[in-house]
Visitor: 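Below you'll find the structure I mean.
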Amino acid sequence: MRAGTERRRRTRRTGRAGRTTALGVAAALLALAGATGCGIRSTNVPVDAGPAPSRASCDTSMETSGTAGTVLTGGAEVFLVCGTRVEAVSRTVDTAEVGSDRLRMAAALLTELQNDPGGEEQAAGFTSAVPLDLAVSGPVGDDPETVLRLSQRPSELPAFALAQIICTFAGVEGLGNGHAVVLGGPADSPDPRPQTYPCSAAMRHSPESAPSVGRSL
C-alpha cells in the first residue's frame, strides 16, 4: 500500500510539472505574438513600391498608313497621353480647308490635341493634357520662318502637353523637319527666344523630360 501511494504521488507531481511547463511555453508564445503579430513593425526607411500597374492597352484598331507624325491623305497622326508615355493615334484633318497654310494646319492639329479622345481611344487608355485655352501663332520680328509661337511659354506648359505638341508638330511637313519643331512663347514674355524641341523615343517614353529638351537656335 505504501509503495502504491508513493507512486501515485510521484505521478501527480510529474503531471503538475508537465502542465506548468506547457503553460509557460504557451504564455511565452502569446507574448511573442503580441509583440509581433499586430502588424508590420514600423520603419523610418521609405519603401518604394514603384508605380501602380497601368491597365491601358495604348492600342486602337484604327487603320493607319505612313509613319507616326506624318500628314496622311485627309488625315494626320497626333500624339496623346497613354499611361506614362505619349503615343500616336490617327485623326482625320480637313486638308482641303487648311490647304498649304502652315498656321491653319498647326491650329487644326492643336484643336485635335485639345479635343477629348474618342470612345475607342478612351477605351485604350488615351487622354490629353493640352490646355483648352492654348493657341498657336507664327513667327514675329526676326524669328526664323520655321518658328511656331504658343500663347504660353513651352517651359510653363504641363510636361505631357508639351511632349504631345512637340511630337505632333515635329513630323508634319511645314511645321517641323521630321524629328523636331521650333517653338517659342508669347513675344512679350520673359526670354521669348524660340528653341528647337526634338521628338525622341526617350522623350516619348519619359514625357516629363520635355521642358528640358529645348535647344537654343
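The first residue of the sequence shown is numbered 1, and numbering continues consecutively from there.
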Visitor: Can you get from M105 to V147 by hopping between Ile, Leu, Val, Met, Phe, Trp and Tyr side chains that sit under 4.5 Å apart?
Guide: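 Each belongs to a different hydrophobic cluster.
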
Visitor: Heavy-atom distance under 4.5 Å between the side chains of V86 and L80, does that happen here?
Guide: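 A side-chain contact under 4.5 Å is absent here.
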
Visitor: Of all the heavy-atom pairs spanning A163 and A210, show the shortest one and how long it is.
Guide: N-CB, 3.9 Å

Visitor: Determine, stepwise, if the pair Q195 / R215 fulfils side-chain contact (heavy atoms from CB on, under 4.5 Å).
Guide: CA-CA 5 Å; Q195 294 184 312; R215 298 293 180 264; 5.8 Å; no

Visitor: May I ask you to decide if V78's main-chain N or O and T168's side chain share a donor-acceptor pair within less than 3.5 Å?
Guide: no

Visitor: Are the side chains of D116 and S128 in contact, using a 4.5 Å heavy-atom criterion?
Guide: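 Not touching, per the 4.5 Å side-chain cut-off.
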
Visitor: Heavy atoms, side chains only, cut-off 4.5 Å: are L162 and Y197 in contact?
Guide: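 In short, these two side chains touch, coming nearer than 4.5 Å.
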
Visitor: Under 4.5 Å between any side-chain heavy atoms of M203 and H205, yes or no?
Guide: no

Visitor: V89, L175: one ILVMFWY side-chain cluster at the under-4.5 Å cut-off?
Guide: yes

Visitor: Looking at V140 and A187, what are the two nearest heavy atoms and their distance?
Guide: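 Where V140 meets A187 most closely, the heavy atoms are CG2-CB, 3.6 Å.
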
Visitor: Indicate yes or no for a side-chain donor-acceptor contact from R102 to the backbone of L148 under 3.5 Å, with no hydrogens or angles considered.
Guide: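 It does not hold such a pair.
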
Visitor: What distance do R204 atom CZ and C199 atom SG have between them, rounded to the nearest 0.5 Å?
Guide: 4.5 Å

Visitor: What distance do F169 atom CZ and F79 atom CZ have between them, rounded to the nearest 0.5 Å?
Guide: 12.5 Å

Visitor: Flag yes if V182 and V136 sit in one hydrophobic cluster, no otherwise; membership is Ile, Leu, Val, Met, Phe, Trp, Tyr, and two members link when side-chain heavy atoms are under 4.5 Å apart.
Guide: no

Visitor: Yes or no on side-chain contact (heavy atoms from CB on, under 4.5 Å) for R149 and D143, after CA distance, side-chain angles and deciding distance?
Guide: CA-CA 10 Å; R149 286 193 174 273; D143 285 348; 2.7 Å; yes

Visitor: Any donor-acceptor pair under 3.5 Å linking the side chain of S189 with the backbone of G185?
Guide: no

Visitor: Answer yes or no: is there a donor N or O on one side and an acceptor on the other, between the side chain of S90 and the main chain of E77, under 3.5 Å?
Guide: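 The answer is no, because no donor-acceptor pair under 3.5 Å joins these two groups.
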
Visitor: Give me the atom names and distance for the closest heavy-atom approach of P192 to P186.
Guide: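 Heavy atoms only, the tightest pair is CB-O, 3.6 Å.
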
Visitor: Under the 3.5 angstrom rule, does the side chain of S206 hit a backbone N or O of S209 as a donor-acceptor pair?
Guide: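 Not at all, since once roles are kept as given, no pair shorter than 3.5 Å links the two residues.
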
Visitor: What heavy-atom pair brings Q152 and E156 nearest, and what distance separates the two atoms?
Guide: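 Closest heavy-atom pair between Q152 and E156: NE2-O, 3.1 Å.
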
Visitor: Hey, is the main chain of A159 close enough, under 3.5 Å, to the side chain of E208 for a donor-acceptor pair?
Guide: no

Visitor: How long is the gap from CG on L183 to OG on S155, to the nearest 0.5 Å?
Guide: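 With rounding to 0.5 Å, CG (L183) is 11.0 Å from OG (S155).
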
Visitor: Report yes if the side chains of S200 and H179 come closer than 4.5 Å at any heavy-atom pair, otherwise no.
Guide: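 Result no, sub-4.5 Å side-chain heavy-atom pair not found.
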
Visitor: How about R193 and L217: do any of their side-chain heavy atoms sit closer than 4.5 Å?
Guide: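 No - every pair of side-chain heavy atoms lies 4.5 Å or more apart.
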
Visitor: Charged N to carboxylate O below 4.0 Å: is that the case for R91 and E121?
Guide: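 Counted as a salt bridge, because a side-chain N and a carboxylate O are separated by less than 4.0 Å.
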
Visitor: Linking I/L/V/M/F/W/Y whenever any side-chain heavy atoms sit under 4.5 Å apart, do V98 and I165 land together?
Guide: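 V98 and I165: one cluster.
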
Visitor: Taking Q114 for its side chain and L132 for its backbone only, find out whether a donor-acceptor pair lies under 3.5 Å.
Guide: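 Looks like yes, one N/O pair under 3.5 Å.
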
Visitor: Does the Q164 side chain pair with the main chain of A129, one donor and one acceptor, at a distance under 3.5 Å?
Guide: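 Such a contact is found between Q164 side chain and A129 backbone.
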
Visitor: How many angstroms lie between atom OG1 of T127 and atom CD of Q122, to the nearest 0.5 angstrom?
Guide: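 So the OG1 of T127 and the CD of Q122 are separated by 9.5 Å.
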
